[in-house]
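Just the heavy atoms: all of them, side chains too, but no hydrogens, waters or symmetry mates, feed the values below.
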Amino acid sequence: MSILTQKTISKKISIEGIGVHTGLRAKLVILPAQPNTGILFKRVDLIKNNTIVPTYNNVVDATLCTTISNDNGVKVSTIEHLMGAFYGLGIDNAIVEINSQEIPIMDGSSTQFVFLIQTAGIVEQNAVKKFVYVTKSVQVQRDDAVARIKPYDGFRVTFTLEFDHPVYNKYPHSASIDFSQTSFIREVSRARTFGLMDDLEKLKKMNLALGANLNNVAL
């Protein structure tokens, strides 16, 4: 059995865009990191206490995006597309510098982050990759939403989406994907943020979707 090693990017890369919820422009700089660093977010618009680790216990809000915070209340939101690109390409170690609270939405998918990382190049490091092994089934439920994780020899995601809308009713409601770098790039990375036009004004009154437009959200 071959030993998988940790990976980082080969050089600094950067990208700019607006946040889909804040509507604020932000610059993102991604730097290589040493083995066992993990993924670190750093708010460079702040002078101190500005580093955040994207772990489950640092998630403070999941209202239409994922927001993480450190113990000092410093936050970064809408990290899911960038984190998806890191995972899909096998990046274990990187430092993400951002000069605002929200990661740019770009085209509403992780495609541009994937392209940026591939352009920089991926390097293997002299450290063994770490894994989490699921040893028993776990299920959580909130209202009519259910998430379940169970042991499996590999990593497969099965997803069912239910929307009472004539457009979505035309298409399959479920998908199942055995994850690899190839399947992520081809089948997952281009999946875009979407929403219903009827909900847009309500979201804006909640100070959400302030940067949403037809270039970064499928409406």
Side-chain angles (χ1 to χ4, degrees), residues 6-123 125 127 130 132 189 192-193 195 203-213 215-217:
Q6 295 180 30
K7 296 178 181 178
T8 189
I9 58 175
S10 63
K11 62 181 180 181
K12 179 175 75 172
I13 48 180
S14 63
I15 196 168
E16 293 187 42
I18 65 168
V20 68
H21 291 302
T22 63
L24 299 176
R25 192 162 189 85
K27 181 178 181 180
L28 196 70
V29 177
I30 307 174
L31 303 164
Q34 295 297 313
N36 300 312
T37 298
I39 306 298
L40 295 180
F41 286 84
K42 185 176 182 180
R43 287 278 302 273
V44 295
D45 56 320
L46 304 175
I47 298 175
K48 59 181 182 179
N49 301 321
N50 57 355
T51 301
I52 312 168
V53 182
T55 55
Y56 72 91
N57 53 322
N58 283 340
V59 175
V60 293
D61 194 6
T63 306
L64 299 182
C65 71
T66 303
T67 300
I68 55 174
S69 175
N70 62 19
D71 292 338
N72 297 287
V74 175
K75 299 177 181 179
V76 175
S77 60
T78 318
I79 66 169
E80 49 270 22
H81 294 159
L82 178 58
M83 291 298 295
F86 284 143
Y87 179 82
L89 297 177
I91 303 297
D92 303 279
N93 306 300
I95 297 173
V96 180
E97 296 183 345
I98 183 169
N99 64 354
S100 187
Q101 180 177 320
E102 187 177 20
I103 301 295
I105 192 64
M106 309 318 296
D107 72 342
S109 76
S110 65
T111 301
Q112 289 172 280
F113 296 129
V114 168
F115 175 78
L116 197 66
I117 292 169
Q118 290 180 317
T119 300
I122 300 171
V123 295
Q125 299 176 289
K130 299 177 181 179
V132 173
S189 68
R192 296 181 65 202
T193 295
L203 292 175
K204 288 187 174 182
K205 289 179 181 179
M206 298 168 59
N207 286 323
L208 297 172
L210 300 179
N213 58 57
N215 294 319
N216 58 34
V217 177

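- Not counting sequence neighbours, the partners of D61 by the side-chain hydrogen bond (donor to acceptor under 3.5 Å, both in side chains) test are T63.
- A heavy-atom distance below 4.5 Å is found between the side chains of L28 and L82.
- Taking every heavy atom of both residues into account, A26 and P104 meet most closely at O-CG, 3.7 Å.
- With N50 contributing its side chain and L46 its backbone, the two residues share a donor-acceptor pair below 3.5 Å.
- In this view, P32 and T8, I9 satisfy the side-chain contact (heavy atoms from CB on, under 4.5 Å) rule, not counting sequence neighbours.
- At a threshold of 4.5 Å between non-hydrogen side-chain atoms, the residues I103 and F41 count as touching.
- Residue pairs meeting the salt bridge (Lys or Arg N to Asp or Glu O under 4.0 Å) criterion with at least one member in residues 66-95, sequence neighbours excluded, are D92-K129.
- Contact of the I117 side chain with the I91 side chain is registered, since non-hydrogen atoms from C-beta on lie closer than 4.5 Å.
- Counting only residues at least two apart or in different chains, ring pair (Phe, Tyr, Trp, His ring centres under 6.0 Å) contacts with residues 69-121 comprise Y87-F155.
- Here the side chain of N99 pairs no donor or acceptor atom with the backbone of V44 at under 3.5 angstrom.
- For the side-chain contact (heavy atoms from CB on, under 4.5 Å) test, residues two or more places apart in sequence or in another chain that qualify with N215 are N213.
- The shortest distance between side-chain heavy atoms of Q118 and L89 falls below 4.5 Å.
- Under the side-chain hydrogen bond (donor to acceptor under 3.5 Å, both in side chains) criterion, T78 pairs with E102, sequence neighbours left out.
- Pairs passing the salt bridge (Lys or Arg N to Asp or Glu O under 4.0 Å) check and including a residue from residues 19-31, sequence neighbours excluded, read E16-R25.
- With sequence neighbours left out, the side-chain contact (heavy atoms from CB on, under 4.5 Å) criterion links L31 to K12, V29, I95, E97.
- Applying the side-chain contact (heavy atoms from CB on, under 4.5 Å) rule to L64 yields the partners H21, L203, L208; only residues at least two apart in sequence or on another chain are considered.
- Checked by atom type and distance alone, the side chain of S69 never pairs as donor or acceptor with a backbone atom of V60 at under 3.5 Å.
- For S100, the side-chain hydrogen bond (donor to acceptor under 3.5 Å, both in side chains) criterion is met by no residue, not counting sequence neighbours.
- A donor atom on one side chain and an acceptor atom on the other are not found under 3.5 Å apart for Q34 and N93.
- Under the rule for a salt bridge (Lys or Arg N to Asp or Glu O under 4.0 Å), the partners of D45 that lie at least two apart in sequence or sit in another chain are R43.
- Smallest separation of non-hydrogen atoms from S77 and C65: CB-SG, 4.2 Å.
- For N36, the side-chain hydrogen bond (donor to acceptor under 3.5 Å, both in side chains) test picks out Q6, K130, with sequence neighbours left out.
- Within the 4.5 Å cutoff, the side chain of T22 has no heavy atoms near those of the L210 side chain.
- The minimum heavy-atom distance between I18 and G211, with the atom names listed, is CD1-O, 3.3 Å.
- Note that CD1 of I39 is 10.5 Å distant from CD1 of I68, once rounded to the nearest 0.5 Å.
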### Message
Show, in sequence, the C-alpha distance, side-chain angles and deciding distance for I52 and L40, and conclude whether the side chain to side chain contact (heavy atoms under 4.5 Å, CB included) test is met.
### Response
CA-CA 6 Å; I52 312 168; L40 295 180; over 6 Å; no
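- Not one N or O on the side chain of D107 forms a donor-acceptor pair closer than 3.5 Å with the backbone of N216.
- Closest heavy-atom contact between V76 and I98: CG2-CG2, 4.3 Å.
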